[in-house]
A.B. asks: 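Before I ask anything, let me first share the structure, which is written out below as structure tokens.
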Number of protein chains: 2
Amino acid sequence: MLGSPLRQEAPVAEDSAGRVTIADIAREAGVSLPTVSRVLNGRSDVAAATRRRVEDLLAEHGYRRRAAGNAHRANLVDLVFNDLDSPWAVEILRGVEKVVHAAGVGAVVSAVHHHAASMQQWLVGVRSRNSDGAILVTSQPAPQLDAELRRIGMPLVVIDPAGVPTFDIPTIGATNWAGGRSAVLHLLGLGHRRIGMITGPPDLLCSRARLDGYRAALESAGVEVDDALIREGDFSHESGFALGTELLTTGRPPTAVFASSDQMALGVYEAARQCGLRVPDDLSVVGFDDLPQARWSPPPLTTVRQPLAEMGAAAAGMLLQLVQGRTPDVLRVELSTSLVVRDSSTAPPQASSGLGSDRGARPGGSGSAVGRNRPTNSV
Amino acid sequence: MLGSPLRQEAPVAEDSAGRVTIADIAREAGVSLPTVSRVLNGRSDVAAATRRRVEDLLAEHGYRRRAAGNAHRANLVDLVFNDLDSPWAVEILRGVEKVVHAAGVGAVVSAVHHHAASMQQWLVGVRSRNSDGAILVTSQPAPQLDAELRRIGMPLVVIDPAGVPTFDIPTIGATNWAGGRSAVLHLLGLGHRRIGMITGPPDLLCSRARLDGYRAALESAGVEVDDALIREGDFSHESGFALGTELLTTGRPPTAVFASSDQMALGVYEAARQCGLRVPDDLSVVGFDDLPQARWSPPPLTTVRQPLAEMGAAAAGMLLQLVQGRTPDVLRVELSTSLVVRDSSTAPPQASSGLGSDRGARPGGSGSAVGRNRPTNSV
DNA sequence: CTGAAAGCGCTTACAG
DNA sequence: CTGAAAGCGCTTACAG
């Protein structure tokens with residue numbers, strides 16, 4: 001019964017997707033099976049040196065706990081953000097949760113705070129719970145994470161990748177360039193010529209695309225790009241406030257500001273308020289994202305809608321396919337953005353069109369804000 | 001080697017926390033072990049009648065998959081919301097994630113949308129992934145959920161329970177009564193006498209407590225409670241807008257409104273805007289929650305801070321204790337709320353103090369909004 | 001601190 | 001559609 005002739009030659013190397021077993025590790029470490037088990041379970045009664053050796057091997061091979069009797073899916077996917085403090089993250093979470101829940105799969109949510117130690121910790125967790133796959137959101141400084149995950153053979157999809165992914169990892173994004181362009185075309189159409197821009201972190205692909213959209217719109221209208229009107233933010237309220245204040249108090253201020261996120265746009269609202277300027281009469285503001293709060297901020301914010309929940313849903317759908325061993329037909333999905341015109345944008349104070357819009361002279365006044373949403377598809 | 005004398009009598013009933021095994025189910029269903037396994041794994045090659053019988057037994061016993069070799073924790077807790085569309089939910093999630101991540105445990109996030117079918121689905125998932133415990137947020141209409149979870153012996157803690165929990169389940173909340181009271185005392189102190197109130201759903205404990213706090217404050221100041229000034233909302237922007245509009249356009253409008261959530265307070269902002277009223281000059285507004293966006297809404301919102309992240313963290317800490325078999329020393333934790341005074345509250349237009357505050361006459365003007373936060377602890 | 005042994009809960013060919 | 005058998009990956013007393 002033991003030593004059965006059916007016992008097959010143990011393969012020396014893991015033969016595919018994270019198939020190392022605790023027996024493999026034990027053999028390589030020159031210890032017994034129970035010892036590896038003890039290390040894995042954080043038992044205290046293991047010699048420090050042994051523990052160290054086993055832990056190294058475990059990490060090196062990207063060991064993942066496997067259910068008994070082989071096979072069996074964990075019915076779990078991991079969703080990793082850098083931070084959880086933005087409403088932006090929830091929108092994506094909503095989309096992921098919906099798809100995954102319907103498939104009877106759980107979504108484990110983590111925040112790694114751009115922190116290597118935290119990523120390491122997450123990696124350990126992901127392995128111990130034997131997650132079926134992972135969705136990385138804004139894979140910021142995580143090339144080592146990508147590498148590690150693919151080494152243990154874990155299906156992966158990335159939302160809003162920091163750069164162009166090197167490997168064949170599926171990525172989901174939005175048409176950021178087109179979105180940025182449509183925002184600025186809208187402002188140009190209203191008569192603005194001095195349009196400020198507050199960008200996102202320059203190392204993110206989406207930030208650069210939005211900025212290029214801004215440039216493209218200006219150039220197509222024959223307006224020269226003035227670098228003094230471009231500031232580098234980080235998507236947060238705070239940076240929108242600080243940089244908005246800079247723009248409004250330095251040199252010749254713009255008549256409109258395009259912010260690369262809704263949160264920064266609301267920071268610009270506050271900057272305007274403190275400068276005694278009224279939105280939109282004295283300053284037009286356009287955001288990016290269309291978070292739920294955008295339509296409830298007085299005045300309701302004109303912004304570029306990014307279908308975050310749909311992006312999450314698409315990512316989840318792709319990942320579920322990958323988990324089932326199917327390869328998705330496209331590796332790069334870009335969902336389209338659309339301009340949503342609300343009350344924060346109007347003609348500039350000294351409009352060339354001679355509208356003579358001064359305080360309160362704005363057509364439409366402050367009424368009917370809620371009914372005014374007019375989404376316009378762009379590209 | 002088989003039939004070892006060590007084999008112990010199989011206990012007829014599960015002996016504690018969800019200890020039914022697939023062998024138990026097989027015996028009871030009168031089928032073999034592999035058959036139960038097949039049902040569990042959703043294989044198609046099982047007779048409908050057999051499947052039905054096994055499934056019923058599985059549900060009846062609250063079967064939970066156990067890892068091989070016995071024992072072994074899943075290192076997973078479930079966090080269940082009704083909806084994920086409020087920034088409110090993220091704040092709690094942040095607190096939970098932080099504590100749980102540090103402990104090397106994953107947080108599975110779900111939304112059940114007040115839907116029995118969705119809860120059922122979640123229950124199946126929770127069992128299949130063998131979650132170590134669950135945090136229920138606003139256990140709205142879920143007595144059957146509580147019951148089922150405790151039957152399968154799953155550790156449980158409830159945040160912001162709908163009612164007073166019947167059993168010995170630990171609950172986490174905030175000092176809602178004291179918070180409501182402090183908001184209204186603040187408004188009374190500014191000279192307001194006609195103070196409107198927009199409540200949350202009346203079947204929630206926290207809503208009732210805030211309303212009672214409102215009443216208590218008025219009564220202690222000798223101001224009669226006027227039911228015409230009280231409206232029943234549901235915490236959403238929309239209800240704040242609709243009910244705010246009602247309050248401002250019906251009968252003799254209030255000079256201040258206390259809304260039971262920040263989102264409703266911002267809805268009131270919009271209502272005021274559309275009525276041509278300025279906040280705070282013509283109308284003071286106080287919210288509840290202190291969501292991040294509260295300080296970025298022009299004007300920055302005076303509100304009652306509820307430590308949502310801390311509540312999440314406390315719940316997670318308690319749950320982790322329960323999972324380890326320790327019983328928490330207290331079953332009911334109430335974290336304290338505090339009033340955060342910002343720019344949305346000031347003396348009423350016809351203040352009894354003779355401040356003569358009319359448009360623009362407000363001391364402090366519109367400047368220095370960001371630096372003005374002055375948290376005040378209440379009870 | 002470690003390993004030989006027994007065992008657990010589950011699953012997948014295989015045969016009918 | 002179902003069960004007897006073999007096996008998998010892991011763990012926990014037990015003994016040293």
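Within every chain, numbering begins at 1; the chains are lettered A, B, ... in the order of the sequence lines, protein sequences first and strands thereafter. Excluded from the calculations below are hydrogen atoms, water molecules and symmetry mates; all remaining heavy atoms, backbone and side chain alike, are included. Keep in mind that this is a model prediction, so the values were computed, not measured.
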A.B. asks: Nearest to the side chain of Val46(A), heavy atoms from C-beta on, is which of dT2(C), dC10(C), dT2(D)?
C.D. replies: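 Output: dT2(C).
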A.B. asks: Using distance alone, with no hydrogens and no angle criterion, decide if His113(B) and Asn82(B) have a side-chain donor and acceptor under 3.5 Å apart.
C.D. replies: no
A.B. asks: Side chain of Arg38(B): nearest nucleotide among dT11(D), dG3(D), dT2(C)?
C.D. replies: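 Taking heavy atoms from C-beta onward, the closest nucleotide is dG3(D).
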A.B. asks: Check the side chains of Asp24(A) and His61(A) for a donor-acceptor pair under 3.5 angstrom, ignoring hydrogens and angles.
C.D. replies: no
A.B. asks: Which nucleotide in the set dG3(C), dC10(C), dT2(D) lies at the smallest distance from any side-chain heavy atom of Val31(A)?
C.D. replies: dG3(C)
A.B. asks: What's the CG-C1' distance between Asp24(A) and dC10(D), to the nearest Å?
C.D. replies: 13 Å
A.B. asks: Hey, what do you get for CG (Leu149(A)) to CG (Leu136(A)), rounding to the nearest 0.5 Å?
C.D. replies: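 Answer rounded to 0.5 Å: 6.5 Å.
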A.B. asks: When the distance from CG of Asn130(B) to P of dC10(D) is rounded to whole Å, what number comes out?
C.D. replies: 16 Å
A.B. asks: What is the distance, rounded to the nearest whole Å, between atom CD1 of Ile25(A) and atom P of dT2(C)?
C.D. replies: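 One finds 16 Å between P of dT2(C) and CD1 of Ile25(A), rounded.
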A.B. asks: Is the distance from OP1 or OP2 of dT12(C) to the nearest side-chain N or O of Ser37(B) less than 4.0 Å?
C.D. replies: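 No, Ser37(B) has no side-chain N/O under 4.0 Å of OP1/OP2 on dT12(C).
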A.B. asks: Using a cut-off of 6.0 Å, state whether more than 12 heavy atoms not belonging to Arg52(B) lie near its atom CZ.
C.D. replies: no
A.B. asks: Quick check for you: among dG3(D), dG3(C), dC10(C), whose closest atom lies nearest to any side-chain atom of Pro34(A)?
C.D. replies: dG3(C)
A.B. asks: Is there a side-chain polar atom (N or O) of Ser32(A) under 4.0 Å from OP1 or OP2 of dA4(C)?
C.D. replies: no
A.B. asks: Counting only side-chain nitrogens and oxygens, does Thr35(A) get under 4.0 Å of the OP1 or OP2 atom of dG3(C)?
C.D. replies: yes
A.B. asks: Please pick, from dC1(D), dC1(C), dC10(C), the nucleotide with the shortest atom-to-atom distance to any side-chain atom of Thr50(A).
C.D. replies: dC1(C)
A.B. asks: Scan Val36(B) against the nucleic acid and name what it touches under 4.0 Å (heavy atoms): base, sugar-phosphate only, or nothing.
C.D. replies: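 No contact.
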